[in-house]
Amino acid sequence: MAILSGKVALVTGSSRGIGRAIALELAHQGADIAINYVHNAIAATEVVREIETLGQRAISLEADVGDFSQAKTMVDCAIKELGHLDILVNNAGITRDMLLMRMREDDWEAVLRVNLKGVFNTCQAAMRPFLRQRSGRIINISSVSGLMGQVGQTNYAASKAGMIGFSKSLARELGPRGITVNVVAPGFIPTDLNADLDAEMQAHLKSLIPLARFGAVEDIAYAVAFLASAQAHYITGVVLPVDGGLSM
Ligand code: NAD
């Protein structure tokens, strides 16, 4: 039986890449899905169609997660249109890689705004309904960069490490009310986010991974689906690396 039957999930940044894979897997497991996109309405509509083909309800919601009021409106619309909300997956993220010496202030601010403030924005909007229903699952997509650091990613690594401290704190705040907060930390997963890495860099990265290969978007989706399921009800405040052993 589908492990998320009857549940409703909102996945941010889900018109492509890892977010799209998460949305499809949660739908495959029986959940209705609110897709969120910031620019590409056509891609979001295609994901909605794919989910409907799986027999689940889906809607797409335009919102910049870094904007407090847009994030709140998005959560409210998901609840209004799909009836309730059980699972929030904070997947939206950006990079603006640059050595710190040359990093511009707006490269710092843009990354922190989407990757970290975005999580604050959506979690604060979703926690009220979660508290009322005394249940809810929050799954935040961090990165091995937040665990290990990465040259050229002081902004990104700070946002992803910040997300971990945020999630553990929120897990403590919401635990007594039956709400879990967990983090999935992907390793290297080929998507649009890292499409500009040259072959030499890719070979170098692969040589650091104990499983000696990159992951697939579905690998992240399976971990999220498990953490969203009833079987994971006694798991909160964890950081689950899905990285082929890179960060061990
Ligand atoms: P991606 O660029 O394909 O997807 C990111 C998504 O976030 C896009 O759909 C984008 O439109 C959306 N987004 C960006 N800014 C937004 C905003 N302000 N509001 C709403 N949506 C916004 O990249 P991806 O690889 O699929 O990344 C998904 C998540 O996984 C990100 O948080 C990323 O940091 C994380 N991650 C990816 C990797 C990897 O190797 N691909 C590794 C570690 C962590």
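One-based numbering, in listed order, for ligands and for the atoms of each. Bear in mind that the values here come from a model prediction, so they are computed numbers and not experimental data.
Near I18, meaning under 4.0 Å from one of its heavy atoms, ligand 1 places the atoms 25 (O), 26 (O), 28 (C), 30 (O), 37 (C), 41 (N). Interface atoms of ligand 1 facing G187, defined by a heavy-atom separation under 4.0 Å, are 38 (C), 39 (C), 40 (O), 42 (C), 43 (C). Listed by number with element, the atoms of ligand 1 under 4.0 Å from a non-hydrogen atom of I94 are 14 (C), 15 (N). Of all the atoms in ligand 1, the ones that sit under 4.0 Å from a non-hydrogen atom of F188 are 40 (O). Near T191, with a cut-off below 4.0 Å to any heavy atom, the atoms of ligand 1 are 23 (O), 24 (P), 25 (O), 26 (O), 41 (N). Less than 4.0 angstrom separates some heavy atom of N194 from each of these atoms of ligand 1: 39 (C), 40 (O), 41 (N). Shown in contact with S15 at under 4.0 Å from a heavy atom are these atoms of ligand 1, numbered in order with element: 9 (O). Distances below 4.0 Å separate heavy atoms of Y156 from the following atoms of ligand 1: 33 (C), 34 (O), 35 (C), 36 (N), 43 (C), 44 (C).
In this structure, Q231 places its CD atom where more than 12 heavy-atom neighbours from other residues, nucleotides or ligands lie under 6.0 Å away. Around the NZ atom of K117, the shell of radius 6.0 Å holds more than 12 heavy atoms that belong to other residues, nucleotides or ligands. Counted within 6.0 Å of NZ on K160, heavy atoms from surrounding residues, nucleotides or ligands total more than 12; the atom is thus considered enclosed.
The option from N91, D67, I141 that lies nearest to atom 32 (O) of ligand 1, judged by heavy atoms, is N91.
Interatomic distance, L208 CG to D243 CG, rounded to the nearest 0.5 Å: 11.5 Å.
Only the backbone of A63 comes within 4.0 Å of ligand 1, counting heavy atoms alone; no side-chain atom from C-beta on gets that close. The side chain of N36, and not its backbone, has at least one atom closer than 4.0 Å to an atom of ligand 1 (non-hydrogen atoms only; side chain from C-beta on). Heavy atoms of S142 found under 4.0 angstrom from ligand 1 belong exclusively to the backbone. Heavy atoms of I189 found under 4.0 angstrom from ligand 1 belong to the backbone as well as the side chain. Proximity of K160 to ligand 1, defined as any heavy-atom pair under 4.0 Å, is confined to the side chain (atoms from C-beta onward).
Side-chain atoms of N36 come within 3.5 Å of backbone atoms of G13 as a donor-acceptor pair (strictly under, hydrogens ignored). With hydrogens and angles ignored, the 3.5 Å screen pairs a side-chain donor or acceptor of D86 with a backbone N or O of V8. A donor-acceptor pair under 3.5 Å is absent between the side-chain atoms of N194 and the main chain of L197, judged by distance alone. Checking side-chain atoms of T95 against main-chain N and O of D97 turns up no donor-acceptor pair under 3.5 Å. At distances below 3.5 Å, at least one donor-acceptor pair connects side-chain atoms of R137 with backbone N or O atoms of L227.
Scanning all protein heavy atoms for the shortest distance to atom 12 (C) of ligand 1 gives G13 CA, 3.7 Å. Of the protein's non-hydrogen atoms, A92 CB, 3.4 Å is the one closest to atom 21 (N) of ligand 1. The protein heavy atom nearest to atom 23 (O) of ligand 1 is L193 CB, 3.3 Å. The single protein non-hydrogen atom nearest to atom 18 (N) of ligand 1 is D64 OD1, 2.8 Å, given as residue, atom name and distance. Of the protein's non-hydrogen atoms, G93 O, 3.7 Å is the one closest to atom 5 (C) of ligand 1. The protein heavy-atom contact nearest to atom 19 (N) of ligand 1 is V65 N, 3.0 Å. Nearest non-hydrogen protein atom to atom 8 (C) of ligand 1 is R16 NE, 3.7 Å. The protein atom (non-hydrogen) at minimum distance from atom 11 (O) of ligand 1 is V38 CG1, 3.8 Å.
None of I141, I220, V184 except one satisfies the side chain to side chain contact (heavy atoms under 4.5 Å, CB included) rule with N91; the exception is I141.
With respect to R49 and E46, no salt bridge is recorded, no charged nitrogen being found less than 4.0 Å from a carboxylate O.
Between S15 and N40, the side chains place no donor N or O within less than 3.5 Å of an acceptor N or O (distance only, hydrogens not considered).
Between M163 and N90 the shortest side-chain heavy-atom distance does not fall below 4.5 Å.
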